[in-house]
Amino acid sequence: MSLNPQQRQAVEHVDSPLLVLAGAGSGKTSVITQKIAHLIQRCDIPPAKIAAITFTNKAAREMRERAHKLLRGGDVEGLTVCTFHALGLKFLQIEHEAANLRRGFTVFDADDAGNLIKELLPKGAKSDHINAVRGLVSRAKNEALSFEQAANLAKSPREREAADVYGQYQKRLAAFNAVDFDDLIRLPVQLLGENEELRARWQQKLSYLLVDEYQDTNAAQYSLLKLLAGSRGAFTCVGDDDQSIYAWRGADPENIDRLGKDFPNLRVVKLEQNYRCARRILRAANTLIANNPHTHVKTLWSQHDEGDPIRVFECSDSEHEATRVASEISFLAQKHKTPWSEFAVLFRGNHQSRELEKALQLQRIPYHLSGGTAFLERAEVKDVLAWLRLIANPDDDAAFLRAVAAPKREIGGTTLARLGEMANKLQLSLLRAAQRIDVLNQLPSRSSAAVDAFVNLVAALRKASTTMTPGDLCRKLAEDSGLLAALRAECRDEASFQRRRENIDELAQWFDAAGKGGPGELIAQLTLLTNADRDSAGNAVRLMTLHASKGLEFSYVFIVGVEDGLLPHESSIDEGRLDEERRLMYVGITRAKRLLHLSYARHAKRFGEHIKVTRSRFIDELPAAELHVVGRDAEQDAVRHKEHAAAAIDNIKALLGL
DNA sequence: GGTGAGCTTCTTTAC
DNA sequence: GAAGCTCACC
């Protein structure tokens with residue numbers, strides 16, 4: 001692993017803050033991992049005092065693996081490689097007292113948070129409205145504003161309303177002994193900002209910080225970086241303004257320029273040699289991104305071959321498109337003897353994966369859907385998690401409400417409303433209120449017996465939790481709560497019951513593997529994970545969103561749904577945010593090492609209706625000379641592919657002896 | 001208090 | 001065209 005002069009500079013410069021402007025495929029992960037090695041081996045910094053921050057868990061895992069490979073053995077003991085959010089969580093778990101949190105506090109996921117906001121708004125509020133408020137609250141938090149500050153800064157009635165909701169929302173979170181994702185950054189920033197002793201201690205704890213995907217930091221994350229780094233400025237930020245694709249969640253690429261102002265001794269290194277893409281792919285990417293305004297001009301170049309032209313598939317509809325992509329993958333994999341894992345299919349929205357999965361299954365191509373939170377969103381997994389949350393944190397009302405109905409135990413809306421009222425009056429959480437005899441006595445005898453039975457069950461499990469591992473607790477609770485029995489009754493056939501049982505078991509296994517920590521700590525970590533991070537993908541075609549693909553590379557990349565309305569997305573067109581959509585396309589294109597496929601459908605089904613579709617304006621922005629458009633005769637091709645698919649079904653039937 | 005028929009809304013993107 | 005929600009009925 002040899003470094004070019006710029007990369008070497010980036011690795012060896014440690015005397016002052018460093019910003020690395022790293023183009024796509026310019027080897028920035030190598031730079032970061034090599035720099036970790038350099039800091040440990042040459043600068044004698046203990047690994048436990050180094051933190052490398054990434055944006056996705058997937059990226060964190062990959063970097064950790066590469067660092068381990070590079071350093072071998074115990075040299076990496078204690079090294080922190082995680083996301084900003086995971087770092088914030090770790091901080092809060094250690095400093096929970098300063099944050100006014102009790103041990104085992106809950107991290108609300110986006111769903112929990114959304115439900116809570118919905119509750120705080122007048123009943124029957126439109127979902128637009130709810131989302132708008134939720135967005136505004138989140139934005140205020142991403143700017144590390146307290147609700148008082150947000151109220152002072154509010155300009156419109158809507159912002160004032162949101163600030164007001166923000167205040168109530170925080171009160172509820174505090175009552176639940178819970179935080180949300182945004183708090184994982186905001187609270188550490190607040191605490192470090194106002195508590196000098198704490199700040200000094202953490203600055204002492206961490207001697208060097210490395211931040212990947214720096215262009216995606218928001219105001220709160222930037223503050224966190226500054227607070228942790230302190231005046232020493234012992235950090236390296238690596239980023240690429242052309243790959244900034246998270247403005248919608250508060251990322252501010254201006255943070256790149258801010259760095260130079262806040263740290264006048266900042267050193268800047270540019271990495272412009274691309275080691276990934278064939279030249280034609282790189283030319284296409286450069287041409288596309290040239291349509292965006294730039295403050296930092298980079299010119300990416302590559303020593304690779306020209307490569308094949310970029311192929312553009314015109315399809316009749318998304319089913320046709322999926323079938324065609326699957327066929328092409330099958331064909332290329334055989335022709336070039338390439339493992340499946342060198343293929344990726346990228347799309348704009350998660351819902352687009354369905355059709356692709358169907359087509360891949362039909363052609364018996366192994367695939368792995370990454371990103372998304374499908375696993376954690378399964379009903380049975382959420383149920384078990386709700387129980388665990390409630391056991392770890394008796395004030396978690398959201399968990400109470402889910403657990404109490406999983407399975408059904410004769411406690412319905414009326415009883416819960418009554419219980420909620422009394423809990424409110426007594427300023428207690430639902431579970432604590434339900435534990436009181438005076439409260440139970442106010443309920444009809446049948447209901448109070450049911451509630452009492454539930455409370456006792458939780459107490460028994462809670463007691464059990466002190467002597468068993470979280471994994472075993474998981475299994476015990478699924479049994480004792482009656483969840484498994486209800487699941488068995490609910491499922492029509494044995495196979496689907498087994499599948500769902502396995503999901504619960506997988507959760508238990510995750511806890512077994514996660515090792516140390518009480519259930520509360522572990523659930524909090526789990527909440528931050530997405531599907532991609534749970535299991536190794538093995539030799540399978542990767543299916544993921546364009547956002548999730550950032551930082552990865554594949555020999556063969558297919559981008560599907562390259563249509564106006566999808567990519568660029570409708571709402572981005574409406575709000576005039578085309579630049580970010582273009583960067584998203586740029587990210588997708590630059591994932592490809594050898595061959596890039598773009599495809600679009602001419603007809604689509606939207607909300608059940610058929611509509612006509614125009615191909616993406618971004619395709620027209622690509623240099624025509626690098627493109628090879630295939631399948632203009634889409635209708636005829638669709639028929640061919642349907643026949644192909646039918647034949648595939650026959651094959652499977654034959655194999656199964658049907 | 002639980003259940004199913006019929007209604008609406010929904011599609012960005014992620015920690 | 002699915003998932004979630006409301007409301008009437010058991």
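Remember, predicted model here, so these are calculated numbers, not experimental data.
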Practice task
Provide, to the nearest angstrom, the distance between the CG atom belonging to A:L526 and the P atom belonging to B:dC15.
Solution key: 13 Å
Practice task
Only counting residues at least two apart or in another chain, list the ones meeting side chain to side chain contact (heavy atoms under 4.5 Å, CB included) with A:P253.
Solution key: A:S244
Handout entry: Distance below 4.0 Å between A:N350 side-chain N/O and B:dT13 OP1 or OP2
Key = yes
Exercise for the section: Name all residues meeting the ring-ring contact (aromatic ring centres under 6.0 Å, His included) criterion together with A:H547; count only those two or more places apart in sequence or in a different chain, and write none if there are none. Expected result: A:Y246, A:W248
Exercise for the section: Would you classify A:A86 as touching base, sugar-phosphate or nothing, given that sugar-phosphate means primed atoms plus P, OP1 and OP2, and contacts are heavy atoms under 4.0 Å? Expected result: nothing
Problem - A:T527 side chain near B:dC15 phosphate (N/O to OP1/OP2, under 4.0 Å) - result: no
Practice task
Take the protein atom CZ of A:R409 and the nucleotide atom C1' of B:dG2, then report the distance between them rounded to whole Å.
Solution key: 15 Å
Completion exercise
note: A:D182, atom CG; B:dA14, atom P; distance rounded to Å ~ 15 Å
Practice task
Could you measure between the two P atoms, the one in C:dG4 and the one in B:dT13, and give it in whole Å?
Solution key: 16 Å
Exercise for the section: Round to a whole Å and report the spacing from CG of A:L566 to C1' of B:dT13. Expected result: 12 Å
Practice task
When you get a sec, tell me which of C:dC5, B:dC15, B:dT13 is the closest nucleotide to the side chain of A:K118?
Solution key: C:dC5
Exercise for the section: Name the nucleic acid region contacted by A:F84, choosing base, sugar-phosphate or nothing; use a 4.0 angstrom heavy-atom cut-off, strictly under. Expected result: nothing
Handout entry: 5' precedence on DNA chain B between A:F181 and A:S572 (nearest-nucleotide basis)
Key = A:S572
Practice task
Could you verify whether a donor N or O on one side chain and an acceptor N or O on the other, from A:K90 and A:Q525, lie under 3.5 Å apart?
Solution key: no
Completion exercise
Comparing nearest nucleotides in DNA chain B, the 5'-proximal residue of the pair A:K408, A:R249 is A:K408
Exercise for the section: Give a yes/no verdict on base stacking between B:dT13 and A:Y246: centres under 5.5 Å, planes within less than 30° of parallel. Expected result: no
Exercise for the section: Using atom CG of A:L416 as one end and atom C1' of B:dG2 as the other, report the distance to the nearest whole Å. Expected result: 13 Å
Exercise for the section: May I have the distance from A:H85 (atom NE2) to B:dA14 (atom C1'), rounded to whole angstrom? Expected result: 9 Å
For nucleotides 8-10 of chain B, tabulate all protein N/O to nucleotide N/O atom pairs closer than 3.5 Å, reporting atom names and distance.
from, atom 1, to, atom 2, distance (Å)
B:dC10, OP1, A:S127, OG, 2.1

Handout entry: Test item: side-chain donor near acceptor, A:T527 and A:D109, under 3.5 Å
Key = no
Practice task
Under 4.0 Å between any heavy atoms, over every strand shown, what does A:R583 touch: base, sugar-phosphate, or nothing? Just pick one.
Solution key: nothing
Exercise for the section: Please state how far atom CG in A:L584 lies from atom P in B:dA14, giving the value in whole angstrom units. Expected result: 10 Å
Practice task
Could you tell me whether A:S571 contacts a base, only the sugar-phosphate backbone, or nothing, with contacts defined as non-hydrogen atoms closer than 4.0 Å?
Solution key: base
Exercise for the section: Could I get the full list of salt bridge (charged side-chain N to carboxylate O under 4.0 Å, His left out) partners for A:R249, not counting sequence neighbours? Expected result: none
Practice task
Check whether any side-chain nitrogen or oxygen of A:T415 sits under 4.0 Å from OP1 or OP2 of B:dG1, and answer yes or no.
Solution key: yes
Practice task
May I ask you to check whether A:F84 and A:F91 place their ring centers less than 6.0 Å from one another?
Solution key: no
Fill in the blank from the handout: Atom CD of A:E355 and atom P of C:dG1 are separated, to the nearest Å, by 9 Å
Problem - Partner set under side chain to side chain contact (heavy atoms under 4.5 Å, CB included) for A:S448, not counting sequence neighbours - result: A:L440, A:L443
Handout entry: Any residue meeting side-chain hydrogen bond (donor to acceptor under 3.5 Å, both in side chains) with A:K28, in chain and number order, not counting sequence neighbours
Key = A:D212, A:E213
